[in-house]
Amino acid sequence: MGLTTKILKNESPVRGFWAYLRGRMAGCRVDAPPIFVLGCGHSGTSVLLRLLGAHSRIYGVPYESRVFMHSAFKQWLTGKIWNRDAIGQRKHRWVEKTPAHVRELAAVFKRYPDAKVVFMIRDGRDVAVSLRKRFGDFEKGLKRWLDDNRDGLEWVDGKRVMMLKYEDLVKNYEQVMPEVCRFIGEPFEEGMLAYHEQPAYVFSKNLKDPGAESGKDHKHYRNWQINQKLFDGSGKWKTEMTEAEKVRFKEAAQDLLVQFGYVDSADW
């Protein structure tokens with residue numbers, strides 16, 4: 001689906017315009033730079049988008065735009081649309097999530113020099129088996145985890161780009177989420193954890209568990225997932241990764257797994 005189609009599908013020009021006018025009349029303004037959530041797919045980017053979008057000051061863009069793979073004009077236009085949407089919801093800034101933007105960070109900062117970026121990482125073993133379910137190809141998921149994380153690491157500086165582990169977020173939320181809020185310059189709000197109380201339709205219109213994680217039901221399953229309470233989905237590789245896949249992962253990605261602190265040796 002192209003960007004124009006996504007905008008037409010998700011935006012309501014008339015309703016959005018009147019909501020914007022009401023927000024402006026109430027004194028609402030966009031007064032802080034945008035936030036971007038990115039990283040290798042299946043690394044928790046959707047969960048973080050949901051949490052941030054539940055903040056009283058932050059509007060969560062409800063679709064993956066891939067906007068930085070488009071023209072400068074479309075980048076400008078979508079920014080204007082999201083500013084309008086934020087004000088229409090009485091929010092003061094917006095957050096957009098496209099995992100593949102991890103490969104477009106130069107374009108992100110060219111358009112928004114003051115942007116805040118959260119680079120999500122996750123145990124590559126879990127990512128590889130998750131992507132294998134989606135694509136039917138373990139090697140493809142392994143390569144994507146390697147390439148995307150290497151691209152993102154080049155930008156991590158703690159000032160504009162914060163690296164966040166999925167496992168830390170879901171296992172130690174009370175400590176980690178306030179750190180994320182400090183990084184983006186917003187006060188931590190207890191209510192963010194109740195994000196699941198408002199339905200989201202990022203991947204499909206489905207809110208029920210389709211009972212499958214692959215094939216034609218993948219998008220429905222993913223949308224069901226992001227409407228659940230925060231849960232720990234780590235460690236699935238222990239039962240889902242074959243011995244041959246373990247050998248291949250160690251050959252290709254053991255060093256990065258060690259660098260991220262998931263293991264300290266190949267004895268796993």
Side-chain angles (χ1 to χ4, degrees), residues 3 29-61 63-83 85-86 91-122 124 127 144-170 172-173 175-189 192 256 259-261:
L3 177 56
R29 301 289 187 275
V30 171
D31 59 16
I35 307 158
F36 294 96
V37 177
L38 43 76
C40 180
H42 295 227
S43 293
T45 55
S46 295
V47 173
L48 185 59
L49 173 72
R50 291 283 273 140
L51 287 163
L52 292 174
H55 194 285
S56 65
R57 281 181 43 86
I58 305 172
Y59 164 68
V61 176
Y63 52 94
E64 293 182 7
S65 69
R66 302 176 75 90
V67 64
F68 293 106
M69 301 169 193
H70 294 272
S71 67
F73 172 74
K74 285 191 175 181
Q75 293 175 28
W76 171 83
L77 178 61
T78 52
K80 294 296 184 182
I81 291 172
W82 296 336
N83 283 348
D85 291 347
K91 302 290 185 91
H92 296 269
R93 66 196 303 191
W94 46 264
V95 55
E96 192 272 352
K97 184 272 297 189
T98 295
H101 281 162
V102 73
R103 301 187 292 271
E104 306 293 337
L105 278 165
V108 170
F109 289 121
K110 181 178 180 181
R111 171 64 55 182
Y112 300 106
D114 297 325
K116 292 292 187 178
V117 173
V118 183
F119 166 43
M120 292 292 297
I121 65 169
R122 185 181 182 184
V127 174
R144 182 170 171 181
W145 185 77
L146 281 168
D147 292 346
D148 286 358
N149 283 293
R150 285 169 175 165
D151 285 344
L153 275 173
E154 295 180 6
W155 291 87
V156 175
D157 59 8
K159 297 178 181 179
R160 296 191 302 178
V161 181
M162 173 187 187
M163 185 169 72
L164 176 63
K165 282 185 176 180
Y166 161 80
E167 294 83 4
D168 290 343
L169 178 64
V170 298
N172 197 13
Y173 174 86
Q175 176 182 335
V176 170
M177 201 63 203
E179 294 175 359
V180 175
C181 288
R182 282 193 291 272
F183 169 72
I184 63 175
E186 297 291 350
F188 173 70
E189 294 181 353
M192 288 188 292
L256 191 56
Q259 184 176 345
F260 283 156

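All residue numbers in this chain count up from 1 along the given sequence. Any value given below was found using the heavy atoms of this structure, including those in side chains, with hydrogens, waters and symmetry copies removed.
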message: Do Val156 and Phe119 make a side-chain contact, defined as non-hydrogen atoms from C-beta onward lying under 4.5 Å apart?
response: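 The answer is yes, as the side chains (C-beta and beyond) meet within the 4.5 Å cut-off.
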field: Side-chain heavy-atom pair Ile184, Ile58 within 4.5 angstrom cut-off
entry: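 Yes - at least one pair of side-chain heavy atoms lies under 4.5 Å apart.
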To the nearest 0.5 angstrom, please state how far the [atom1] atom of [X] sits from the [atom2] atom of [Y].
| X | Y | atom1 | atom2 | answer |
| --- | --- | --- | --- | --- |
| Leu38 | Leu48 | CG | CG | 10.0 Å |
| Arg103 | Met69 | CZ | CE | 5.5 Å |
| Glu154 | Leu105 | CD | CG | 9.5 Å |
| Asp85 | Lys80 | CG | NZ | 13.5 Å |
| Asp151 | Leu146 | CG | CG | 11.0 Å |
| Phe36 | Phe68 | CZ | CZ | 4.0 Å |

message: Go through it in stages, so that I can follow the logic: the residues are Leu52 and Met177, the test is side-chain contact (heavy atoms from CB on, under 4.5 Å), and I'd like the CA-CA distance, side-chain angles, deciding distance and then a yes or no.
response: CA-CA 9 Å; Leu52 292 174; Met177 201 63 203; 3.6 Å; yes
Tell me the closest heavy-atom pair linking [X] and [Y], and the distance in Å.
| X | Y | value |
| --- | --- | --- |
| Ala86 | Val30 | CB-CG2, 4.3 Å |
| Arg111 | Ala72 | NH2-O, 3.0 Å |
| Ser65 | His101 | OG-CE1, 4.0 Å |
| Val67 | Lys74 | CG2-O, 3.9 Å |
| Met120 | Gly44 | CE-O, 3.8 Å |
| Leu49 | Gly60 | CD1-CA, 4.3 Å |

Taking only residues two or more places apart in sequence, or in another chain, which ones meet [X] in a side-chain hydrogen bond (donor to acceptor under 3.5 Å, both in side chains)?
| X | result |
| --- | --- |
| Arg93 | Glu186 |
| Asp147 | Lys143 |
| His55 | none |

Salt bridge (Lys or Arg N to Asp or Glu O under 4.0 Å) involving Arg29 - partner list, sequence neighbours excluded: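 In terms of salt bridge (Lys or Arg N to Asp or Glu O under 4.0 Å), with neighbours along the sequence ignored, Arg29 is linked to no residue.
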message: Going by salt bridge (Lys or Arg N to Asp or Glu O under 4.0 Å), name the residues that satisfy it together with Lys91, two or more places apart in sequence or in a different chain.
response: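 Listed in chain order: nothing, the list is empty.
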- request: Examine distances only and state if a side-chain atom of Trp145 and a backbone atom of Arg122 form a donor-acceptor pair shorter than 3.5 Å.
  value: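 Yes; at least one donor-acceptor contact below 3.5 Å.
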- prompt: For Lys97, does its backbone N or O pair with a side-chain atom of Glu64 as donor and acceptor, under 3.5 Å?
  reply: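 No; judged by distance alone, with no hydrogens or angles, the pair does not exist.
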Tell me which donor-acceptor pairs under 3.5 Å the side chains of residues 159-166 have, and how far apart each pair is, sequence neighbours excluded?
residue	atom	partner	partner atom	Å
Lys165	NZ	Phe260	O	2.6
Tyr166	OH	Gly233	N	2.8

task: Could you please spell out the steps behind the side-chain contact (heavy atoms from CB on, under 4.5 Å) verdict for Val61 and Thr78?
output: CA-CA 10 Å; Val61 176; Thr78 52; over 6 Å; no
message: As a quick check of understanding, evaluate side-chain contact (heavy atoms from CB on, under 4.5 Å) for Ser43 and Val127, giving each step before the final call.
response: CA-CA 7 Å; Ser43 293; Val127 174; 3.8 Å; yes
task: Decide side-chain contact (heavy atoms from CB on, under 4.5 Å) for Leu51 and Val180; before the verdict, give the C-alpha distance in whole Å, the side-chain angles of both, and the deciding distance to 0.1 Å.
output: CA-CA 11 Å; Leu51 287 163; Val180 175; over 6 Å; no
task: Run the ring-centre check on Tyr112 versus Trp82 and record whether the distance is less than 6.0 Å.
output: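 No, the ring centres sit 6.0 Å or more apart.
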